[in-house]
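One structure is given below, encoded as structure tokens.
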Protein chains: 2
Amino acid sequence: MPELPFTLDQLRILKAIAAQGSFKKAADLLYVTQPAVSLQIQNLEKQLEITIFDRGGRKALLTEAGRLLLEYCERILNQCDEACKAIEDLNSLKGGTLVVGASQTTGTYLMPRMIGLFRQKYPEVSVQLQVHSTRRTGWSVANGQIDLAIIGGQLPSDLENLLQIIPYASDELALVLPSKHVLSNKKELLKEDLYKLNFVTLDSQSTTRKVVDKLLQDSGLDIHRLKIEMELNSLEAIKNAVQSGLGASFLPVVSIERELEAGTIHKAFVADLEVKRELKLITNPSRYTSRASEEFKKNILPQFASLESPLRKL
Amino acid sequence: MPELPFTLDQLRILKAIAAQGSFKKAADLLYVTQPAVSLQIQNLEKQLEITIFDRGGRKALLTEAGRLLLEYCERILNQCDEACKAIEDLNSLKGGTLVVGASQTTGTYLMPRMIGLFRQKYPEVSVQLQVHSTRRTGWSVANGQIDLAIIGGQLPSDLENLLQIIPYASDELALVLPSKHVLSNKKELLKEDLYKLNFVTLDSQSTTRKVVDKLLQDSGLDIHRLKIEMELNSLEAIKNAVQSGLGASFLPVVSIERELEAGTIHKAFVADLEVKRELKLITNPSRYTSRASEEFKKNILPQFASLESPLRKL
DNA sequence: AATCTCCATAAACTAAGATTATTCAAATAA
DNA sequence: TTATTTGAATAATCTTAGTTTATGGAGATT
């Protein structure tokens, strides 16, 4: 590995002299003394074994070798300036990329709004959203492919102590019925009423499904007595199924805002039953946190929810 | 003028770490200790206010900012390498430009051969030949437009002490006659015979003409008694005139080698008359001498003539 | 658990680069 | 011409950035 025969400072001095036509003026421009530039140019000439300036007359003129070197000098210094600008932009969030992760539900209904707000504030930062399972999202955060993520399920224990897990908001999983369903008229259902319903659920692999099952079980229900009409793998499909009167379901409220407003889906209240899951923000503490990631965490996330007040619409 | 936020050494270290994936290996590669690279990267990170490497696991991984910087880093270092190569080429005469000057005669008959030899040795150095009057050539050498020149005439006195003037070779100005001329049979002419000839000469502005006139006068001849048939401004034109039998002339031997060999021109000897002029090499001592110029002066010029032995054919 | 590897930190040392002061040469002015 | 000014080179001192040796600590490896 060869040593570099010159320094950026020397190139800067070379450029200044070439521009000013004088060692002294270059020295003034660079806020150093004249001997400093003389010495540096002498070093440069010695190391490259060339003569760069003809110092004969009143002003310093470039030799052929000097002109040749100056060309590269300009290019190199320009690249340096560009690099600085690029880094500055990155620091001031005028560039760069933020990669956020989410599981199905948050990825579909929450993240897009957050990203929208972020992009509104920092249009020059490009944002990538990766929607995966809770587990895969966790691993991606662990190995740095994702800067930060919001998940609703339980992480494998090995990941739990590798990642920073911050409770973010609680997400209610509401019992929804077709608007025309007989039970839609009742103010409040009883737990036992659930056994009378036909359910359209997520497939049993899904984290959200597991969460719902566990919560129902914890509240004393026998989930095996619940009638499952069909299992689908998309919330949108389930929503359509419910709207079509095919059955009931537990769905995240964030996913049915529009339908509730339009009245095409009915949200039922069940006495003594609160199906909620904690949405958690996960990051990798042992990794560098980009400015964009910081910003997202500090100023974007709180605008949508806090631990005390659950998710609110905008 | 902003200070540069990084040094080439830091970029070199950055590149090495990125390539090796480890601070330690980079240190080994660069023949420094590991703390040295640690410190330099820390400085770099501090100055740019970014984190460049994730030092978490076994190997150092680039952050987004690090990758961004690395891109510029590669470009900059490549430019540096290229600059070095270009300078090296210039030093080893594998590039660059040599500008030589000459007056009419040497420029037409001598220089092309010299340049040919030079180019044969250094094909990558481009050579430029500028043929001008002695005076203009002198000035061009003075202000650096020409690296070195060969002239046959007298320089203005102000230029004489500004330039380095080295006697190079003597150039015989031979009396030439048409082959069929009556006097071409005589072994040796007398000075008086010159008055019987019709001369075809260069125009009176020409340095060569002035030199010839002065030499003839110095040897006791009355130049006004010489009959001048016509004055032309090109040696080639004069040669043609002589060959066509229009008259005699004093011509540099270097310019009539082919014709003498072919027998189309006759070279006469005149008793007690030797018309010779000194060819001089001129350079500018107060200016940088390029390697190409040095080489031309030291190794090319001597192959064609020296002071002792006049110009020889190759 | 024990060892190893790799990075960070501390303290001492080295050397490159900056400054002040001075000399020298050339260009300008008197 | 001589005197003055301007710009660059040189010398000596000083500052500081960068390197080294030595050491400590956190993760990975056995």
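All values below were derived from every heavy atom in this structure, side-chain atoms included, with hydrogens, water molecules and symmetry-related copies excluded. Just so we're clear, the structure is a prediction, and the values are computed from it rather than from any experiment. The chains referred to below are lettered A, B, ... by the order of the sequence lines, with proteins before strands, and numbering in each begins at 1.
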Under a 4.0 Å heavy-atom cut-off, which of residues 36-49 of chain A touch DNA chain D? A:Ser38, A:Leu39, A:Gln42
Please pick, from C:dG17, C:dT19, C:dC7, the nucleotide with the shortest atom-to-atom distance to any side-chain atom of B:Lys24. C:dC7
Can you tell me if A:Thr33 touches the phosphate of C:dT20, counting only side-chain N or O atoms and a distance under 4.0 Å to OP1 or OP2? no
Which pairs with one or both residues in residues 87-97 of chain B pass side-chain hydrogen bond (donor to acceptor under 3.5 Å, both in side chains), sequence neighbours excluded? B:Thr97-B:Ser126
Taken to the nearest whole Å, CG/B:Leu61 to C1'/C:dC6 is 14 Å
Upstream residue (5' side of DNA chain C) when A:Gln34 and A:Thr7 are each assigned their closest nucleotide: A:Thr7
Donor-acceptor pairs under 3.5 angstrom involving side-chain atoms of residues 67-75 of chain A: please list them, not counting sequence neighbours.
{"from": "A:Arg67", "atom 1": "NH1", "to": "A:Leu62", "atom 2": "O", "distance (Å)": "3.3"}
{"from": "A:Arg75", "atom 1": "NE", "to": "B:Gln79", "atom 2": "OE1", "distance (Å)": "2.9"}

Given atom CD1 of B:Ile52 and atom P of C:dA8, what is their separation to the nearest angstrom? 12 Å
Output the rounded distance in Å from CZ (B:Phe23) to C1' (D:dG27). 15 Å
Here the distance between atom P of C:dA18 and atom CG of A:Leu30, to the nearest Å, is 10 Å
What residues, two or more places apart in sequence or in another chain, satisfy salt bridge (charged side-chain N to carboxylate O under 4.0 Å, His left out) together with A:Arg291? A:Glu294
A:Gln10 has an atom CD; how far is it from atom P of C:dA16, in whole Å? 12 Å
Which residues pass the ring-ring contact (aromatic ring centres under 6.0 Å, His included) test with A:Phe296, not counting sequence neighbours? A:Phe118
B:Phe23: partners by ring-ring contact (aromatic ring centres under 6.0 Å, His included), with sequence neighbours left out: B:Phe53
Rounded to 10 degrees, the angle between the two terminal axes of the helix from C:dA1-D:dT30 to C:dA30-D:dT1, each from five pairs: 30°
Contacts of A:Lys24 meeting salt bridge (charged side-chain N to carboxylate O under 4.0 Å, His left out) (sequence neighbours excluded), chain-then-number -> A:Asp28
Scan side-chain atoms only and decide if B:Glu64 and A:Ser290 contain a donor-acceptor pair under the 3.5 Å cut-off. no
Just to verify, what does A:Lys85 make a salt bridge (charged side-chain N to carboxylate O under 4.0 Å, His left out) with, not counting sequence neighbours? none
Rounded distance (Å) that lies between atom C1' of D:dA9 and atom CD1 of A:Ile17: 13 Å
What one should report as the nearest heavy-atom pair of B:Pro5 and A:Cys84 is CG-SG, 3.2 Å
Nearest to the side chain of B:Arg55 - D:dT20, C:dC7, D:dT10? C:dC7
What's the CG-P distance between B:Asp28 and D:dT20, to the nearest Å? 12 Å
In whole angstrom, give the distance that lies between atom CD of B:Gln20 and atom P of C:dC7. 11 Å
